**Q** 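A single structure is presented below for examination.
Computation of the quantities below employed the complete heavy-atom set of this structure, encompassing side-chain atoms and omitting hydrogens, waters and symmetry-equivalent molecules. Keep in mind that what you see is a predicted model, and the values were worked out from it rather than measured.
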Amino acid sequence: MHSFLTHLECTYCGELFSSERLNRLCELCGKVLYPRYDIASARKHFVKEKLIDRSPNMWRYFEMLPVREWSNVVTLGEGFTPIFRVKRLGEMCDSSNLLIKDEGLNPTASFKARGLSAAVSKAKELGVLRLTMPSAGNAAGAMSSYAARAGMEAYVFMPKDAPEANLIEVSITGGNLNLVDGLISDAGVISRQRASELDLFDVSTLQEPYRVEGKKTMGYEIAEQLDWKLPDSIIYPTGGGTGIVGMWKAFEEMQQMGWIGAERPRMVSVQASGCAPIVRAFEAGEDQAEPWVEAKTVASGLRVPGAVGDFLMLRAIRESGGTALSVTDEELMAAVPEMASATGIFPAPEGAATLAGLKKLITSGQVSEDDRVVLFNTGTGLKYIDVLR
């Protein structure tokens, strides 16, 4: 297998950068960098029929991932999580074609495994030995786990009220855990300071180019698992936003390679009412989101007051004809046992928020009863026992 990676491109100003050296944000405008690929060659040589005999993990799409040498791939078997048809749950909320993609079945029990597998693999390829990041919870455990797999040092900065399972996961896998009295944004400030002091490479969400590449494989998988016909809507719980922007990037790549047509699902961002900067910006018609003051929600993954990829999320939502909406903590927590008892899937509060959001969309007429809808459960509820108790 051969990666068709060619260079990095700024998603805002269009400046190009080499993919053969360490990069974070654009040196000119400070915005997000995307890996770009030789699509013309990929179209000729990476046909979807090649996937038939490949292992069921995200690295089956190696040609459109940013690691050049297979020996540098750091994997625990992440990706290719199942999509379940959930008829009983659909009947309960008047959605006759409802599906759930369960990211809780990833190795570190959340979708964060994808992004950190890609980021740690590329960091290894570029000679990095020490990593740092702020995290609201699941990303920390994933980074520490993949760093352990790669033989790297991992420094993690987390709010002290993050779920207990996430704190233990970092410590057990050998991460250097630092608890912060504040939010993920406060942890980010300290992480960047320590990166400068200790020569650590910061793998914060969308502040380096490769985590999004792991997340985009969710888009490739949805297309492949649904026989190359995308759903009408994808409802996704949004904190940092790499899930939405990654899938949107994947759909464009697949169309350019001739794997799918021009049709796109409506991308729906669900946030908690106590921290909804993307919803507020979407409703106001803004291209970027002002940070949310005094962010508060029991769903730690949604407690992200400001996202560096805000403009990318808003762009994907609008281009798809989608929307952004918020749900209360009471609504998302009530949806946890509702989803679990009807499907057998024990969702994280963030994943349950998509069910609460779907109900509002059906009530408002924004989603029709016969629409094919994919809800994303981004992690297992088992990591939130202390919160759910």
**Q** Determine, step by step, whether Val308 and Thr205 satisfy the side chain to side chain contact (heavy atoms under 4.5 Å, CB included) criterion, reporting the C-alpha distance in whole Å, the side-chain angles of both residues, the deciding distance to 0.1 Å, and the verdict.
**A** CA-CA 8 Å; Val308 68; Thr205 301; 5.7 Å; no
**Q** Report yes or no: does Ser3 contribute a side-chain atom to a donor-acceptor pair with the main-chain N or O of Leu65 at less than 3.5 Å?
**A** yes
**Q** What distance do His7 atom NE2 and Leu16 atom CG have between them, rounded to the nearest 0.5 Å?
**A**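 Rounded to the nearest 0.5 Å, the NE2-CG separation comes to 4.5 Å.
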**Q** Below 4.0 angstrom, N of the basic side chain to O of the carboxylate: do Arg372 and Asp232 qualify?
**A** no
**Q** Less than 3.5 Å apart, any donor N or O on the side chain of Asn97 or Asp371 sitting next to an acceptor on the other?
**A** no
**Q** I'd like to know if Glu221 pairs up with Lys101 as an ion pair, taking the criterion as any Lys NZ or Arg NE/NH1/NH2 lying under 4.0 Å from an Asp or Glu carboxylate oxygen.
**A**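 Looking at Glu221 and Lys101, the cut-off is met.
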**Q** Any side-chain heavy atom of Asn178 sitting closer than 4.5 Å to one from Val156?
**A** no
**Q** Kindly write out the residues that satisfy ring pair (Phe, Tyr, Trp, His ring centres under 6.0 Å) with His2, not counting sequence neighbours, or none if the list is empty.
**A**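 Expected list: Phe4.
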**Q** Would you call Glu20 and Arg68 a salt bridge, taking side-chain N to carboxylate O under 4.0 Å as the test?
**A**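 Counted as a salt bridge, because a side-chain N and a carboxylate O are separated by less than 4.0 Å.
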**Q** Sorted by first residue and then second, give each ring-ring contact (aromatic ring centres under 6.0 Å, His included) pair with at least one member in residues 160-210; sequence neighbours left out.
**A**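 Listed by first then second residue: nothing to list.
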**Q** Which residue pairs pass the ring-ring contact (aromatic ring centres under 6.0 Å, His included) test when at least one of the two sits in residues 139-166, sequence neighbours left out?
**A** none
**Q** If we only count heavy atoms from C-beta on, is the Arg114 to Thr242 side-chain gap below 4.5 Å?
**A** no
**Q** Please report the interatomic distance OG(Ser204) to CG(Leu131), rounded to the nearest 0.5 Å.
**A** 11.0 Å
**Q** Kindly indicate whether the side chain of Phe251, heavy atoms from C-beta on, has any atom under 4.5 Å from the side chain of Ser320.
**A** no
**Q** Among residues at least two apart in sequence or on other chains, which ones pass side-chain hydrogen bond (donor to acceptor under 3.5 Å, both in side chains) with Gln288?
**A**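 With sequence neighbours excluded, Gln288 shows a side-chain hydrogen bond (donor to acceptor under 3.5 Å, both in side chains) to Lys31, given in chain and number order.
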**Q** Quick one: are Leu355 and Leu89 in side-chain contact, heavy atoms under 4.5 Å?
**A**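 Yes; the side chains approach each other to less than 4.5 Å.
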**Q** Kindly write out the residues that satisfy ring pair (Phe, Tyr, Trp, His ring centres under 6.0 Å) with Phe62, not counting sequence neighbours, or none if the list is empty.
**A**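 Ring pair (Phe, Tyr, Trp, His ring centres under 6.0 Å) check on Phe62 returns Trp70.
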**Q** For the pair Arg21 and Glu27, evaluate salt bridge (charged side-chain N to carboxylate O under 4.0 Å, His left out) and give the outcome as yes or no after the intermediate values.
**A** CA-CA 13 Å; Arg21 63 179 179 85; Glu27 296 173 1; 3.0 Å; yes
**Q** Is it the case that one hydrophobic cluster holds both Leu5 and Met257, taking links as side-chain heavy atoms less than 4.5 Å apart, direct or via other members?
**A** yes
**Q** Find the distance between NZ (Lys122) and OG (Ser19) and round it off to the nearest 0.5 Å.
**A** 5.5 Å
**Q** Please list all pairs passing the salt bridge (Lys or Arg N to Asp or Glu O under 4.0 Å) test where one or both residues lie in residues 337-353, with sequence neighbours left out.
**A** Glu338-Lys359
**Q** Out of curiosity, Thr297 OG1 to Leu332 CG, how far, rounded to the nearest 0.5 Å?
**A** 5.5 Å
**Q** Could you state the interatomic distance from CD1 (Ile83) to CE (Met218), rounded to the nearest 0.5 Å?
**A**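 The CE atom of Met218 is 11.0 Å from CD1 of Ile83, to the nearest 0.5 Å.
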**Q** Can Lys216 and Glu253 be counted as an ion pair, charged N to O under 4.0 angstrom?
**A** yes
**Q** So, Thr6 and Asp38: side-chain donor and acceptor under 3.5 Å apart, yes or no?
**A**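 No, no side-chain donor-acceptor pair sits under 3.5 Å.
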**Q** Would you call Glu213-Arg36 a salt bridge at under 4.0 Å N-O?
**A**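 No.
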**Q** Using the test side-chain hydrogen bond (donor to acceptor under 3.5 Å, both in side chains), find all partners of Arg389 that sit at least two apart in sequence or belong to another chain.
**A**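 Checked Arg389 against side-chain hydrogen bond (donor to acceptor under 3.5 Å, both in side chains); zero matches.
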**Q** Does the Ser144 side chain pair with the main chain of Gly141, one donor and one acceptor, at a distance under 3.5 Å?
**A** no
**Q** Do Leu33 and Glu9 have side chains that approach each other closer than 4.5 Å (heavy atoms only, starting at C-beta)?
**A**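 No - every pair of side-chain heavy atoms lies 4.5 Å or more apart.
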**Q** Would you find a donor on one side and an acceptor on the other, under 3.5 Å apart, between the side chain of Thr75 and the backbone of Gly77?
**A**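 Between the backbone of Gly77 and the side chain of Thr75 there is a qualifying donor-acceptor contact (under 3.5 Å).
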**Q** For Phe346, which residues count as a ring pair (Phe, Tyr, Trp, His ring centres under 6.0 Å) partner, sequence neighbours excluded?
**A**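 By the ring pair (Phe, Tyr, Trp, His ring centres under 6.0 Å) rule, Phe346 matches no residue at all.
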**Q** Show, in sequence, the C-alpha distance, side-chain angles and deciding distance for Asp202 and Glu208, and conclude whether the side chain to side chain contact (heavy atoms under 4.5 Å, CB included) test is met.
**A** CA-CA 7 Å; Asp202 189 346; Glu208 58 81 52; over 6 Å; no
**Q** If the threshold is 4.0 Å, N to carboxylate O, is there a salt bridge linking Arg60 and Glu224?
**A** yes
**Q** Please tell me whether Thr132 and Ser191 have a donor and an acceptor in their side chains that are separated by less than 3.5 angstrom.
**A** yes
**Q** Tell me the closest heavy-atom pair linking Gly258 and Arg43, and the distance in Å.
**A**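 Closest heavy-atom pair between Gly258 and Arg43: N-NH1, 3.3 Å.
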**Q** According to salt bridge (charged side-chain N to carboxylate O under 4.0 Å, His left out), who are the partners of Glu252, at least two apart in sequence or on a separate chain?
**A** Arg264
**Q** Find out whether Val268 and Leu361 are in side-chain contact, i.e. whether some heavy atom of one side chain is under 4.5 Å from a heavy atom of the other.
**A** yes
**Q** Return yes when atom CZ of Arg149 has more than 12 non-hydrogen atoms of other residues, nucleotides or ligands closer than 6.0 Å, and no otherwise.
**A** no
**Q** Run Thr238 and Met313 through side chain to side chain contact (heavy atoms under 4.5 Å, CB included) and show every step you take.
**A** CA-CA 9 Å; Thr238 306; Met313 280 187 275; 3.1 Å; yes
**Q** Give a yes or no on whether the backbone of Ala348 and the side-chain of Asn377 come within a donor-acceptor separation of less than 3.5 Å.
**A**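 Yes, Asn377 side chain to Ala348 backbone: donor-acceptor pair under 3.5 Å.
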**Q** Tell me, do Ser171 and Leu177 make a side-chain contact under 4.5 Å, heavy atoms counted?
**A**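 Touching, per the 4.5 Å side-chain cut-off.
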**Q** Are Met58 and Leu76 co-members of a hydrophobic cluster defined by side-chain heavy atoms under 4.5 Å apart?
**A**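 No, Leu76 and Met58 fall in different hydrophobic clusters.
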**Q** What distance separates Ile100 CD1 from Phe84 CZ, expressed to the nearest 0.5 Å?
**A** 9.0 Å
**Q** Any Lys/Arg nitrogen of Glu103 or Lys112 sitting under 4.0 Å from an Asp/Glu carboxylate oxygen of the other?
**A**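 Salt bridge flag = no for Lys112 with Glu103.
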**Q** According to ring pair (Phe, Tyr, Trp, His ring centres under 6.0 Å), who are the partners of Phe282, at least two apart in sequence or on a separate chain?
**A**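 Ring pair (Phe, Tyr, Trp, His ring centres under 6.0 Å) list for Phe282, sorted by chain: empty.
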**Q** Is Trp248 reachable from Ile317 through a run of I, L, V, M, F, W or Y residues, each pair having side-chain heavy atoms under 4.5 Å apart?
**A** no
**Q** Ring centroid separation for Phe80 and Trp59, is it under 6.0 angstrom?
**A**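 Between Phe80 and Trp59, the centre distance exceeds or equals 6.0 Å.
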**Q** Is the shortest side-chain heavy-atom distance between Ile184 and Arg303 below 4.5 Å?
**A**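 No. Closest side-chain heavy atoms not under 4.5 Å.
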**Q** Which residue pairs pass the ring-ring contact (aromatic ring centres under 6.0 Å, His included) test when at least one of the two sits in residues 288-326, sequence neighbours left out?
**A** Tyr12-Phe311
**Q** Please test Met339 against Leu375 for side chain to side chain contact (heavy atoms under 4.5 Å, CB included), starting from the C-alpha separation and ending with a verdict.
**A** CA-CA 11 Å; Met339 182 183 286; Leu375 306 181; 4.3 Å; yes
**Q** Is Glu91 salt-bridged to Arg88, cutoff N-O under 4.0 Å?
**A**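 Judged by the 4.0 Å cut-off on N to carboxylate O distance, Glu91 and Arg88 do not form a salt bridge.
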**Q** Restricting to pairs with a member in residues 370-389, which pass ring-ring contact (aromatic ring centres under 6.0 Å, His included), not counting sequence neighbours?
**A**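 Every ring-ring contact (aromatic ring centres under 6.0 Å, His included) pair that includes a residue of residues 370-389, provided the two are not neighbours, is Tyr236-Phe376.
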**Q** Would you check if there is a donor-acceptor pair between the side chains of Ser117 and Glu78 at a distance under 3.5 Å?
**A** yes
